[in-house]
Every structure is written in structure tokens, then in C-alpha cells.
Amino acid sequence: VEASIPEPQREAWKRSQTSAFKSSDEFEKEVVRHVETSLARSMFNCDEKAAYSATSLAFRDHLILDWNKTQQRQTYRDSKRVYYLSLEFLMGRALDNAMLNVGLKDTAKAGLADLGFRIEDIIGQEHDAALGNGGLGRLAACFLDSLASLDFPAWGYGLRYRYGIFKQEIIDGYQVEVPDYWLDFNPWEFPRHDVTVDVQFFGSVKKVPNEQGKSVAVWEGGEIVVAVAYDVPIPGYDTPTTNNLRLWSSKASGGEFDFQKFNSGDYESSVAEQQRAETISNVLYPNDNLERGKELRLKQQYFWVAASLYDIVRRFKKSKRAWREFPEQVAIQLNDTHPTLAIVELQRILIDIEGLDWDLAWEIVTGTFGYTNHTVLPEALEKWPVGLVQHLLPRHLQIIYDINLFFLQSVEKQFPDDRDILTRVSIIEESQPKMVRMAHLAIVGSHKVNGVAELHSDLIKTTIFKDFVEIYGPDRFTNVTNGITPRRWLHQANPRLSELIASKLGSHEFLKDLSQLNKLELLVQDKEFKKEWAEIKFANKVRLAKYIKETTGVNVNPSALFDVQVKRIHEYKRQQLNIFGVIHRYLTLKAMTPAERKKQLPRVSIFGGKAAPGYWMAKQIIHLINAVGSVVNNDEDIGDLLKVIFLEDYNVSKAEIICPASDISEHISTAGTEASGTSNMKFVLNGGLIIGTCDGANIEITREVGENNIFLFGNLAEDVEDLRHAHTYGSHTIDPDLAKVFEEIQKGTFGSVHDFSAMIAAVKDHGDYYLVSDDFHSYIETHTLVDEAYRNQEEWVVKSITAVARMGFFSSDRCIYEYADGIWNVEPLPRRD
Ligand code: NBG
């Protein structure tokens, strides 16, 4: 607004206005222009990488025009906005998504062909944006797609890590981590060197009287780190709405380096401050469902939260509204407890800087925030030592103490005879050292708390947050079952299936209203349709088989049953159960006569996923999978009957190849441990069936697709505690089939007896916390049922179609509507004014 062009000159601007390409001719011109100018190359040195770069720049230009208009429209309307704060956004590739969402993929395909390139090769050049670990980060990415596609005025806020999640290499069967430097060429971000925020750390707090003689806190001293904004456009599907993901990058304040030190010849220390500042946004912590209490992590959190809130408050203040109206204009969603300091930061801004009194400020704060919990695992619940918070953020610790004081006073009033409840719910844990419990702070500072699937939302209410339900009543707690975007996970990942569905339903509308899939059920007896359906699955398996051959050298038969488990490696996700099951299958096949073997159904067991670098047991699981693979895959008795594959470096773009190619996927966590899971949804949406436990969203998937179209096994969440108790205090006997598997491992059949002994001991000697032995029999039996069902291909295809037809509920669009309605109270912005 400040620098707008005067009326008389605007005509000239309008005459010269940039317009986006529409035809393939115009697209080609843009590509050539970018090759020749932006990249300073020509047709004589344009390789696929350059063609990718130029294509991306052409689409980036396209997006930015829509982006500008969207931001203008949203500013002009000044309606309530949503801010999604997440330390992780696992975006994957952007080009294919941009082409499909703006509806110009065919145009680009024709244009690229004219210029001498195949569009798949060009898409394949892109490096994944991997700023996340797993489901939590990918959920944030799916939500951004839905928010834009549904025309919500929404921003994402995150960190621009220089290194995303590490690249995984498998060397001699072991995981080796390699840094993921992804920023050498990233056409999808716009640096905003003019959008910066000074973020303060350390220092001390002084109380000084203000003009009214009231004592106010002043936080002074310490050091300043500068946050610089990088904006990533998020195009909606089939709408001009293009939202913004703002990622903060850290840089030293006061320029590049200390000139005084430099001039006095001390070059090294002159850049030290710069390096220390840049460390903050340097690397994503590679843990999934684990918090390690590292100082740098807390610095990252505050850096990102402070910059984001400053930005949000700045935007609000432009509207000149009264502070009371803040929660009517701003909804902030906390993706897990990582951004919980935002609660404290907003309270600080309101009382220390804007001069509001505590109660009004607190009302504004709680009216603004919503908190999503993503796990009940104790090792993942965030806690910070009071001393560390005190040192890094002295004023924030005072405010946390005040929040806690007022909160505990009200609890005491409500439950005057219950001293214990105060200890249990306090934001400060009276341990040695004392700890700040971030989840408690997040609950106290939010008006809504939600879990991510029904079972999970029930569990948080009855276990970890039980006392808070007593205190606030059940209304503060709600459920929003996770979802996935059908644009990426069906249309982009499985174009043939998406086109087949579109041809039967008469349009692509289902991609915006996934419940329309239910009309497919009318076709389950249509022979031609079933045949095409099966052909597409087969083609997707052929594609994956080719990829397996290229990357592992192993030949797999695409007619075999493809059994897939891809996700982060974790004991609670139980890849160990899967590989023990594979060994059991191997032993069973080995014990058969050749004639018996001939009657068996061939299978390919496919694994993929990263282990956190410090998670030793998870790394042993990877090692065992690879060790089993090298024995089984080379056993001539076995041949095609069983192959065991570990796919290196599982990530979003690989998931797009893997999900469409599964017959069965495994979602086999110990009941009560997987909050939701979202890959379960991706696999079923692509026509694969599930073998799974009664855990997370598997339960609702069962409710939707019907018990006949899913393979459930294992103990229930309600029995887990008793079983664990019995393991420790009763006599603990191991399932006899599992015991045979252990014997085989210990005989050295798969090498490395020593390496694998801890995995076995966890089950045999250390209480089998994850109930591997308890569930083993039921797991094996259920796999037998899978084999039997798969033999009847006719029936299998019916199951597959029926399941897809009933998956409408799991669109992230449905989630976003539920958040918008039940938590944010925001509405979409009509596209045309
Ligand atoms: C993960 C859960 C998954 C869930 C995703 C998204 C964390 C802390 N939690 O089950 O383990 O699907 O969140 O909600 O990463």
C-alpha cells in the first residue's frame, strides 16, 4: 500500500501486465526464454536438468501471478485467516503437482515433446522438498493442498532447513545417512529479503514502571538473530487460489561478518557469529515420534514461532481493529506441541509490548489457538528443562510460571480436596531437574484440542489428558480423523486409475468431492471395468518391478502378490513382526516338497523407510530385513515364491510409485500406539487392501470399507496393558512358531547372530513391550487368509473396487472442513469478488 503507483501511471502498468501462458506455444516460448535468459544456455546445451529448471520457472511465473491476486483478494476482504504452524512440511516434488493443479499438464506435455523432451523424464529431475520426517509433516503438506483447493485464506509457517531429512543409503545391509542438501536450485521459493524479523535470545528481564506507574517487564540484552522469509506458492486444484507457505531462514544480525574483527586480522572469529546464527535453520531433527531435548531444537522452535507471530500480528495491526477482535481475525493451529511457545509469545506481545492487561490478553490467546496432538507415546511428549528455558527465554519462563499459577489456582478452587491433581496437571513437572510440560501448556492455552483418529482422540481423553477433561469438560477435546489429498495420492500418483474413474463418473469432480467415489460401487459387477481396473494395478506393479530391478538388481515377478510396508522404522510400527513373519514363510516353503511348493502363491515382501540415526534397534531391523533378503532372494529352492526387497531412501516421490503398486500393505502397529497413520489411506485409495491391527485410522477404514475388505488381526488396545503386565509379572511364553524363527536367526542362517540378538531379547527377555509374540499367531493366520483371498482374483478385484468406492471420507478436504467448522470458525473466500 505504501508504495503504490499513482493513478495517472497505472494505465501504463495495465498495458504491460504480465499474463500467464495458456497454450503449448506460449508455454514453449516461456521455456525457451528461461533456458536462454534465466539459465544462460541454448538449444545446444539444454539437458534434462536445464529443461526441468526452465519448465519449473515457467510454472513458477504462472503460480506467482495467481499468488499475487490471491493475496490482494485476501487482504482486500480482510476476513479471518488460518495459520498452520508446523516444524515439518513434507512437500515432495512441486512441478507435477503445479501442472495438475493449474490444469496445464497436457499443455506442458505437448510443449515439452515439441522441444524434444518426455515430460516424465523432466518431472523425474526434481529433488524432493523433504522438510519432514513422516506422517506429521506429510499431513501438513496435504492440509496446505486442501486449504488452497477449497479457497481458504490460509498460510503455512515453517522453517527453511538447509538440510531436510537425510538421504538413506544401504551399504552391506546397513543404513548410512547422507546429508540432503536440496537448495542448490530451488525454483519454488521466493526469497523476501525485505521481510525480516529480529528474534531475541538470552538476556535478562527488568521490571520498570510505565507511564501509569504500573510495573512492566522489559526483556533486554542477549543476542539477536534475523529471520528472513522465503515464500513457497501453494496452488489449489482447479481454482486460481494460490496460498502461501512462509519458511524462515536464520541469518546473523549486523551484516555478514564483524568488520572490526576482520580488519584486525581475526577472520575466523569474524564469521563465527554468522555461522552460529545460520545453524538455527540448518538442519531438520531426524526423529519421528521422539523428542530429545536438545538446546538447538528449542532455539529453532522459538526462532520460528517468534518470526511467525510477529508477521501475523503485523498483518492484523494493518487492519486497525481492536485487540479484542484478534481471535475473530486469526486462527492459529499448533501442529503438535512443537510450536507451543507461540502461546507464551502472543501473551508476551499483548502484555509487555501492547500493554493489555493479563486477563484480556489471555482471553485473546486461548481464543486464537488450537492444538493437535499426534501421539500418546511417552518418549515423544515434549518436555524442556526449566533451566534451559530460563537461560534462553527468561521472560517466557516468567510468563509460563504465571500461566501455571493462575491455572492451578482455578483447579484448586474446582477440586479443593484433591492435592494430587495439581501435581498431575501442573505445567511444571516437579522432577529433578524441573521440566516444562509442553502438552499441558498447549492444552491450557488453546480453546480446542484434537486427536487425529477416533481411537486416538478417545485415548488422549482417557489416559494422558484425563485430568484435563475433568477440569475443562469434554468440549475442549475433539477428534478430526486425518485425511490425504486425492490430487497427489490418486490423480498424480495413479493417473490411469484417476482417468478410469473420471471416465466412469463423467468428470473429475470426484477429485474435489471424494465422496462421489461411492458411485463406483454400481460398477463392481461390470466385467469390462473390472478388467481395466486389474490391468491398471498390474501396470503399476510392472512399473514398480522395473524400479526394483534398477535400484536393487533383483527381478521380481509382477504377477506375485506385492506385500508392502513403507513408513518410518519404529519398534511400535513393528517391521520386526513383518520380517519375522517373512522368515516363517521362508521356513515353511523350505520344509515343503517341490510338488507342494508348486502350489504356493508367489509373494514379494517390500520394505522401505528410514531409521532415526540414533535409533539403534531400528537400524538393526533394517539390517535383518536386508540380511533375510540376501539369503531368500538367492535360494534356488524358493525362486519366485518369495522375494524380500528393501527400497532405499523411501520418500514422497517414491511413495507415489509404491502406493499404486501394492496388493496388500501392512499397518501393523501395536494396538493403541499409531495415532492415525495416513499411508493406510493412500494404499486403499489406490486399490490395495490392508492387513492391519485395530489401531489408529485402520478402525475407521474398516468401518467405511466393511470388514470383508480388510484383513484385521491382533490384540485390541484395551487389552494391551494387561498383556504387558502379564509379561513382566507372570510367566511369559513365546509363540512356538516365533520361537522357531528365533532359532533360525540364532543358528546364523542370516549371518550377524550378534547383531540380531537384541531384537530377539526384546521379545524373549525384556517383556515384549510391543506384543510381537502375542500377535504372531494371528498375524500368520491372517496372511494365510490373504493368500487364499488373492487366489480368487475375481473376488479380489471386487474387494479392491468396493474399498476405493468407500474411501471418500479420507480426503483431507473433509478434515479441513471439520477444522474450519469446529475449531477455526473460518470460511472459504469466494473466488470472484
Ligand atoms: C504421527 C503419528 C501418525 C499420524 C501422524 C499425523 C507424530 C508425532 N505423530 O500415526 O505417529 O498419522 O502423526 O497425524 O509424528
Side-chain angles (χ1 to χ4, degrees), residues 124 167-176 178 537-567 569 575-576 578-590 592 594 597-598 600-611 619-651 653-666 679 683 688 691 741 744-745 748-752 755-756 783 786-787 790:
K167 252 178 73 71
Q168 177 194 56
E169 287 180 6
I170 302 296
I171 297 180
D172 297 335
Y174 292 92
Q175 167 175 299
V176 173
V178 178
K537 177 61 78 183
F538 187 73
N540 288 329
K541 289 170 69 179
V542 169
R543 178 164 83 138
L544 180 58
K546 198 167 151 251
Y547 179 77
I548 291 172
K549 174 71 187 171
E550 279 163 18
T551 52
T552 68
V554 180
N555 283 310
V556 300
N557 174 2
S559 303
L561 190 160
F562 278 20
D563 169 347
V564 183
Q565 187 177 20
V566 286
K567 50 183 85 231
I569 312 293
Q575 283 92 353
Q576 71 277 41
N578 187 342
I579 193 63
F580 293 154
V582 169
I583 296 172
H584 176 266
R585 179 177 286 264
Y586 175 61
L587 298 178
T588 311
L589 288 168
K590 284 294 269 186
M592 287 177 183
R597 269 186 219 134
K598 277 221 172 70
Q600 302 306 308
L601 194 77
R603 228 191 229 240
V604 183
S605 273
I606 299 166
F607 293 82
K610 294 173 186 176
K619 289 181 150 178
Q620 294 309 325
I621 295 174
I622 293 177
H623 184 199
L624 178 59
I625 295 167
N626 283 306
V628 172
S630 44
V631 171
V632 172
N633 299 345
N634 296 306
D635 188 326
E636 282 173 8
D637 292 346
I638 300 301
D640 263 3
L641 285 183
L642 183 60
K643 293 283 182 220
V644 182
I645 304 294
F646 190 93
L647 290 173
E648 200 174 66
D649 198 42
Y650 176 61
N651 62 13
S653 56
K654 283 168 197 159
E656 289 167 24
I657 303 173
I658 297 166
C659 292
S662 90
D663 294 307
I664 273 282
S665 65
E666 309 235 357
S679 75
F683 281 103
I691 178 165
V741 168
E744 198 67 28
I745 296 173
T749 304
F750 309 105
S752 311
D755 272 18
F756 306 136
H783 265 303
V786 170
D787 283 330
Y790 195 76

Check whether any side-chain heavy atom of [X] sits under 4.5 Å from a side-chain heavy atom of [Y], and report yes or no.
X	Y	result
Glu666	Lys567	no
Leu544	Asn540	no
Asp637	Arg597	yes
Arg585	Leu642	yes
Thr588	Gln600	no
Tyr586	Val644	no
Asp563	Val604	no
Phe580	Gln576	yes

Contact summary for [X] and [Y], nearest pair of heavy atoms:
X	Y	result
Ala545	Val556	CB-CG2, 3.7 Å
Ala560	Tyr790	O-OH, 4.0 Å
Phe607	Val566	C-CG1, 4.1 Å
Ile569	Gln575	CA-NE2, 3.5 Å
Phe562	Asp663	N-OD2, 2.8 Å
Val542	Pro558	CG2-CB, 3.9 Å

Output the distance between atom [atom1] ([X]) and atom [atom2] ([Y]), rounded to the nearest 0.5 Å.
X	Y	atom1	atom2	answer
Leu587	Leu589	CG	CG	9.0 Å
Arg603	Asp640	CZ	CG	14.5 Å
Ser679	Tyr650	OG	OH	6.0 Å
Ile645	Ile548	CD1	CD1	5.0 Å
Asn555	Lys643	CG	NZ	7.5 Å
Ile664	Gln565	CD1	CD	12.0 Å

What verdict does the side-chain contact (heavy atoms from CB on, under 4.5 Å) test give for Tyr547 and Leu647, after you've listed the backbone C-alpha separation in whole Å, the side-chain angles of each residue and the deciding distance to 0.1 Å? CA-CA 9 Å; Tyr547 179 77; Leu647 290 173; 4.0 Å; yes
Given 3.5 Å as the limit, does a donor-acceptor pair link the side chain of [X] with the main chain of [Y], or not?
X	Y	value
Asn651	Ser653	yes
Thr749	Glu744	yes
Ser662	Ile658	no
Lys537	Pro660	yes
Thr552	Lys549	no

Begin from the C-alpha positions of Ile170 and Val176 and carry the test side-chain contact (heavy atoms from CB on, under 4.5 Å) through to its verdict. CA-CA 6 Å; Ile170 302 296; Val176 173; over 6 Å; no
Let me know which of Gln175, Lys610, Glu648 forms a side-chain hydrogen bond (donor to acceptor under 3.5 Å, both in side chains) with Gln168. Gln175
Does the side-chain contact (heavy atoms from CB on, under 4.5 Å) test come out yes or no for Phe538 and Ser559, once each step is laid out? CA-CA 7 Å; Phe538 187 73; Ser559 303; 3.7 Å; yes
Are there more than 12 heavy atoms of other residues, nucleotides or ligands under 6.0 Å from atom CG of Asn634?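 Enclosed: over 12 neighbouring heavy atoms sit under 6.0 Å from CG of Asn634.
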Where at least one partner belongs to residues 553-562, residue pairs that pass salt bridge (Lys or Arg N to Asp or Glu O under 4.0 Å), sequence neighbours excluded: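 Listed by first then second residue: nothing to list.
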